[in-house]
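Working notes, structure below.
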Amino acid sequence: MRIFVIASPLIQVPPPNYSGMEREAGILAKGLRLRGHEVTLYAKTGSTAPLDCHLVEYDDENDLPSIITSPDDFDAVLDFTHNKRLSMAYPDWKIANSFQVMSMNHTNGINPVFISHGQKAGKFPDAEGPVIYYGLDLDEYPLYTGRRDDYLLYLGQIIPEKRIEWACEVAIRTNRPLKAYGPWWTPPDYAKLLRRYESEYPHLISLNDSVGGQEKIELLQHAYALIHPPGAMGWCEAGAIVVLEAL
C-alpha cells in the first residue's frame with residue numbers, strides 16, 4: 001500500500017526532546033515500512049524520515065490541503081495533526097484521524113482513532129472509532145538491570161493538569177529527591193507555585209526543561225520510580241507514552 005503518515009508540524013521527527021504525536025508518527029512510519037508498504041512521512045522542516053521512507057517537509061497544518069491534492073497518490077492517510085485540516089477539506093478521502101488529546105473539535109471528527117478507552121469513554125462516548133494504543137520501538141529502550149538511584153522522576157508537560165505539585169509533595173513526604181523535566185507550557189501563577197517548592201526544598205526538588213535522547217533513557221533507567229498521576233483533579237491522561245517508556 002501507498003501510505004501517507006502526517007506528523008504534526010510543531011516538532012521535528014524524530015523529536016529531540018519532549019514529544020508525543022510526532023514520536024508516534026515516526027514509529028508508525030518505520031513499522032509500516034518494515035512491513036513492506038510504501039510510506040511518505042509529512043513532518044516539520046528539519047525532520048528525518050526513518051529507513052527509506054519518503055519525506056515531505058512542511059511547517060503549517062493549514063497548508064496540507066494544498067500540498068496533498070489528489071486521492072490517487074495514496075491508498076490511505078494516517079493523520080496525527082491537531083486540527084485535521086486535510087479531512088476537513090476532503091471528507092470523502094481515505095483518512096484515519098488519530099486524536100491524542102482530551103479535547104476534539106467535533107466538526108473534525110471524521111474517521112477518528114482514539115489512543116485509550118479512557119479518552120474515548122470520558123470525552124467522546126458517542127463517537128464511532130477504534131481504540132489503538134500507542135507503542136514504542138523497543139530497540140530504543142534497552143532493559144536496565146543495574147542498581148537504581150533514590151530519586152523520583154517526572155517527565156511531561158509542566159502544566160497544572162499534570163499536577164506536578166503532587167509529585168513535589170511525594171518527594172517531601174518520602175524524603176526522596178524529585179527530578180522533573182518538561183516544556184514549561186504553563187501560566188505564570190502555576191510556574192510560581194512550582195518554583196516556590198524548588199526554593200523551599202532545594203535539596204529535594206529540581207525542576208528542569210525538556211530532556212531527550214540518551215539522557216532521558218538514562219534518567220528513566222536509574223530512577224527509583226516515575227511519578228505520573230493520570231487522573232489528577234478530574235484530568236484524564238489520554239495516552240501517557242512516558243509510562244510505556246518507564247516500563
Side-chain angles (χ1 to χ4, degrees), residues 1-15 19-117 119-121 123-140 238-241 244:
M1 293 179 65
R2 298 165 302 162
I3 301 175
F4 288 178
V5 177
I6 307 179
S8 162
L10 299 177
I11 300 174
Q12 293 173 343
V13 177
S19 172
M21 62 187 75
E22 295 84 7
R23 182 180 304 280
E24 289 299 314
I27 292 172
L28 183 61
K30 178 181 178 180
L32 290 170
R33 186 69 192 100
L34 287 171
R35 287 179 175 266
H37 299 290
E38 180 182 325
V39 179
T40 299
L41 175 66
Y42 289 76
K44 180 178 176 63
T45 297
S47 295
T48 302
L51 301 179
D52 58 348
C53 294
H54 181 58
L55 175 66
V56 176
E57 298 176 310
Y58 80 110
D59 294 296
D60 189 340
E61 187 178 339
N62 293 312
D63 293 340
L64 285 173
S66 61
I67 297 174
I68 304 174
T69 58
S70 173
D72 296 330
D73 295 335
F74 59 84
D75 296 306
V77 173
L78 309 179
D79 189 342
F80 283 82
T81 63
H82 272 297
N83 296 311
K84 318 305 181 190
R85 299 298 185 192
L86 194 62
S87 63
M88 289 180 67
Y90 307 113
D92 296 329
W93 285 11
K94 297 177 181 178
I95 303 172
N97 291 304
S98 176
F99 287 92
Q100 292 80 23
V101 296
M102 293 305 296
S103 60
M104 180 176 78
N105 183 338
H106 282 276
T107 61
N108 301 1
I110 301 169
N111 298 332
V113 175
F114 303 103
I115 60 176
S116 72
H117 289 281
Q119 179 199 36
K120 181 178 181 180
K123 294 296 180 180
F124 318 113
D126 299 325
E128 294 293 333
V131 172
I132 301 177
Y133 298 123
Y134 271 162
L136 294 176
D137 183 347
L138 294 182
D139 291 338
E140 298 179 10
I241 296 175
L244 299 181

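Counting from 1, the numbers follow the sequence of the chain as shown.
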Item to complete: Apply side-chain hydrogen bond (donor to acceptor under 3.5 Å, both in side chains) to S19 and list each qualifying residue two or more places apart in sequence or on a separate chain.
Response: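 S19 satisfies side-chain hydrogen bond (donor to acceptor under 3.5 Å, both in side chains) with E22 only.
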
Worksheet item: Judged by modelled atom types alone, do E61 and T81 share a side-chain donor-acceptor pair under 3.5 Å?
Response: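 Side-chain D/A pair, E61 to T81: present.
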
Sequence neighbours left out, what passes salt bridge (Lys or Arg N to Asp or Glu O under 4.0 Å) with [X]? Give chain and number order.
X   : value
D75 : R2
D59 : K44
D72 : none

Fill in: Qualifying residues under side chain to side chain contact (heavy atoms under 4.5 Å, CB included), relative to D60, sequence neighbours excluded
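Only N62, D63 meet the side chain to side chain contact (heavy atoms under 4.5 Å, CB included) criterion with D60.
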
Discussion item. So T48 and P14, do their side chains get closer than 4.5 Å, heavy atoms only?
Written reply: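 Side-chain contact under 4.5 Å: yes.
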
Worksheet item: What pairs of residues pass the ring-ring contact (aromatic ring centres under 6.0 Å, His included) test when at least one of them lies in residues 37-62, not counting sequence neighbours?
Response: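 Non-adjacent pairs meeting ring-ring contact (aromatic ring centres under 6.0 Å, His included): F4-Y42.
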
Discussion item. Please check this pair: side chain of E57 against backbone of G46, looking for a donor-acceptor N/O pair closer than 3.5 Å.
Written reply: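 Yes, E57 side chain to G46 backbone: donor-acceptor pair under 3.5 Å.
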
Fill in: Backbone N/O of F124 and side chain of Q119: donor-acceptor pair under 3.5 Å
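Not confirmed, Q119 side chain does not pair with F124 backbone.
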
Discussion item. For a quick test of reading the model, state the closest non-hydrogen atom pair linking L78 to L28 and the distance between them.
Written reply: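 Heavy atoms only, the tightest pair is CD1-CD2, 3.4 Å.
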
Discussion item. Can you give me the closest heavy-atom contact between F114 and A127, atom names plus distance?
Written reply: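 Closest approach of F114 to A127: CZ-CB, 3.7 Å.
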
